[in-house]
**Q** 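Once you've had a glance at the structure underneath, I'll fire off some questions.
The analysis underlying the following values was restricted to heavy atoms, covering all of them including side chains, and did not include hydrogens, waters or symmetry mates.
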Amino acid sequence: MAAILVDIEGVLHVSGEPIPGAMEAVAELRRQGHRLRFVTNNTTLSRATLAEELRSYGIELDDSELQTTAAAAARALAGKRVFALVIAALVEDLEGIEFVGEGAEAVLLGGAAEPDETGRVFSYMNLARAFAELEAGADLYCLHKNRWWQTSRGPLLDSGAFIAGLEYAAGVEATVLGKPSPAFFGAALDALDADPERTWMVGDDLEADVAGAKACGLRTILVRTGKFREQSLADSLVKPDAVVDSLGDVPGFLARD
């Protein structure tokens, strides 16, 4: 039996549309006795809301099985004064952080979203305020540094572009709290009491999922859904241990492995 980390966006669904076979695959993996943890860089929904959304697709999971970037931020920044540019829905998961408009110890950037809220969160004035806090000595953190994400309308720009801009302007380097950070994968392994060499990461992102997991000693499965691009796989120096069409193929693959 293996421990399995399952990405959400692009693996279980795209823009709220379940990927065919995903629900059945999760049920079969559980039937086979594998330990599951759902790991996500989602920065638009609280953990409780996201868990409820997944259950509405027919996927059985407890809130405690879902690991989010906001929870990682709450641990890393507990007790600190933080200037945060995040989607409002995430605030309830950032317990223990003191939100401030100036005099921050840390600047935290979340991810982009499809709604208009993204335009307000990452406005020029807000980014300029973040830059001022960094110039005054605050440390830069981000929930993730994704360049783009896949939606039902096609690829959309993510917040990695804004983070790179602040790094360039302030001459600093952001600490990434979600995938592909070793701390995020380490927390997932600890939660499952799992050894890296007996743990699989299933995802659609070569950088955040595959490269991040392999750097921590995990085995990896890349699915041809979500943001998967055949050319990106061909060009990548990092190769997954396996490539399958979708999560629906994973139970059979592991049964043969």
Side-chain angles (χ1 to χ4, degrees), residues 7 9-10 15 40-45 68-77 80-91 93-94 97-151 153-184 203-212 215 226-227 229 232 235-238:
D7 183 31
E9 288 81 4
S15 292
T40 179
N41 274 354
N42 179 285
T43 56
T44 62
L45 300 173
T68 66
T69 57
R75 288 192 299 271
L77 301 176
K80 291 186 179 293
R81 293 167 53 83
V82 179
F83 179 77
L85 299 182
V86 299
I87 301 299
L90 282 193
V91 172
D93 287 345
L94 296 172
I97 292 175
E98 181 184 354
F99 296 104
V100 298
E102 59 183 4
E105 297 173 83
V107 170
L108 173 65
L109 265 68
E114 294 187 54
D116 292 340
E117 187 177 0
T118 297
R120 297 191 298 272
V121 170
F122 297 108
S123 68
Y124 174 80
M125 291 302 298
N126 282 344
L127 290 171
R129 182 68 252 166
F131 169 71
E133 293 299 316
L134 295 173
E135 284 288 282
D139 297 317
L140 179 59
Y141 293 83
C142 57
L143 297 183
H144 63 69
K145 204 175 177 181
N146 293 357
R147 303 174 187 178
W148 60 280
W149 90 102
Q150 185 67 30
T151 74
R153 295 184 290 160
L156 286 183
L157 182 70
D158 213 330
S159 59
F162 306 129
I163 296 157
L166 286 174
E167 288 179 320
Y168 172 73
V172 300
E173 184 175 350
T175 297
V176 180
L177 298 170
K179 296 179 294 181
S181 75
F184 191 83
D204 67 324
D205 189 318
L206 277 165
E207 294 181 35
D209 297 328
V210 175
K227 67 192 305 184
R229 299 291 186 273
S232 296
D235 294 341
S236 177
L237 297 177
V238 177

**Q** Drop me the distance from Leu85's CG to Arg120's CZ, to the nearest 0.5 angstrom.
**A** 13.0 Å
**Q** Minimum heavy-atom separation for Ala138 to Ala106, with atom names?
**A** CB-N, 4.0 Å
**Q** What are the two closest non-hydrogen atoms of Trp149 and Leu157, and how far apart are they?
**A** CZ3-O, 3.2 Å
**Q** Using the rule given for side chain to side chain contact (heavy atoms under 4.5 Å, CB included), can you reason through Leu134 versus Leu166, listing the C-alpha separation, both sets of side-chain angles and the distance that settles it, and then say yes or no?
**A** CA-CA 9 Å; Leu134 295 173; Leu166 286 174; 4.2 Å; yes
**Q** Could you tell me which residues satisfy side chain to side chain contact (heavy atoms under 4.5 Å, CB included) with Pro155, sequence neighbours excluded, listed by chain and number?
**A** Trp148, Gln150, Arg229
**Q** So which pairs with a foot in residues 122-132 pass salt bridge (Lys or Arg N to Asp or Glu O under 4.0 Å), sequence neighbours left out?
**A** Arg129-Glu133
**Q** In a check of side chain to side chain contact (heavy atoms under 4.5 Å, CB included) between Leu143 and each of Leu108, Val176, Leu109, which one passes?
**A** Leu108
**Q** Output all residues satisfying side chain to side chain donor-acceptor pair (under 3.5 Å) with Thr44, sequence neighbours left out; order by chain, then residue number.
**A** Asn42
**Q** Give a yes or no on whether the backbone of Ala113 and the side-chain of Thr118 come within a donor-acceptor separation of less than 3.5 Å.
**A** yes
**Q** Run the side chain to side chain donor-acceptor pair (under 3.5 Å) test against Asp235 and tell me which residues pass, sequence neighbours left out.
**A** Gln231
**Q** Test of understanding: with side chain to side chain donor-acceptor pair (under 3.5 Å), list the residues that count as partners of Glu102, not counting sequence neighbours.
**A** none
**Q** Side chain of Asp158, backbone of Lys145: donor and acceptor closer than 3.5 Å?
**A** no
**Q** Under the rule for salt bridge (Lys or Arg N to Asp or Glu O under 4.0 Å), what residues qualify as partners of Glu117, not counting sequence neighbours?
**A** none
**Q** Using modelled atom types only, decide if a donor and an acceptor are shared between the side chain of Asn41 and the backbone of His144 within a distance under 3.5 Å.
**A** no
**Q** Do Val86 and Leu94 come close enough that some side-chain heavy atom pair is under 4.5 Å?
**A** yes
**Q** Rounded to the nearest 0.5 Å, how far does CD of Glu9 lie from OG1 of Thr151?
**A** 12.0 Å
**Q** Between Glu167 and Leu140, what is the shortest heavy-atom contact and its length?
**A** CG-CD2, 3.9 Å
**Q** If we ignore hydrogens and angles and just use 3.5 Å, is the side chain of Ser159 paired with the main-chain N or O of Gly110 as donor and acceptor?
**A** yes
**Q** Scan for salt bridge (Lys or Arg N to Asp or Glu O under 4.0 Å) pairs involving residues 203-212, sequence neighbours excluded, and state none if there are none.
**A** Arg147-Glu207, Lys179-Asp209, Asp205-Lys227
**Q** Quick one: closest heavy-atom pair of Leu206 and Val238, and the distance?
**A** CD2-O, 3.9 Å
**Q** What residues, two or more places apart in sequence or in another chain, satisfy ring pair (Phe, Tyr, Trp, His ring centres under 6.0 Å) together with Tyr141?
**A** none
**Q** Let's go through Val100 and Val82 carefully: what are the C-alpha distance in whole Å and the side-chain angles of both, what is the deciding distance for side chain to side chain contact (heavy atoms under 4.5 Å, CB included) to 0.1 Å, and is it a yes or a no?
**A** CA-CA 6 Å; Val100 298; Val82 179; 5.8 Å; no
**Q** Once ring-ring contact (aromatic ring centres under 6.0 Å, His included) is applied, what residue pairs with a partner in residues 99-119 remain, sequence neighbours excluded?
**A** none
**Q** Taking side-chain hydrogen bond (donor to acceptor under 3.5 Å, both in side chains) as the cut-off, I'd like each qualifying pair that reaches into residues 80-91, sequence neighbours left out, listed once.
**A** Arg81-Glu98
**Q** Let me confirm one number: the OH-CZ distance from Tyr124 to Phe131, rounded to the nearest 0.5 Å.
**A** 9.0 Å
**Q** Using the test side chain to side chain donor-acceptor pair (under 3.5 Å), find all partners of Thr43 that sit at least two apart in sequence or belong to another chain.
**A** none
**Q** Ala70 and Leu90: which non-hydrogen atoms are nearest, and at how many Å?
**A** CB-CD2, 4.3 Å
**Q** Just to verify, what does Phe184 make a ring pair (Phe, Tyr, Trp, His ring centres under 6.0 Å) with, not counting sequence neighbours?
**A** none
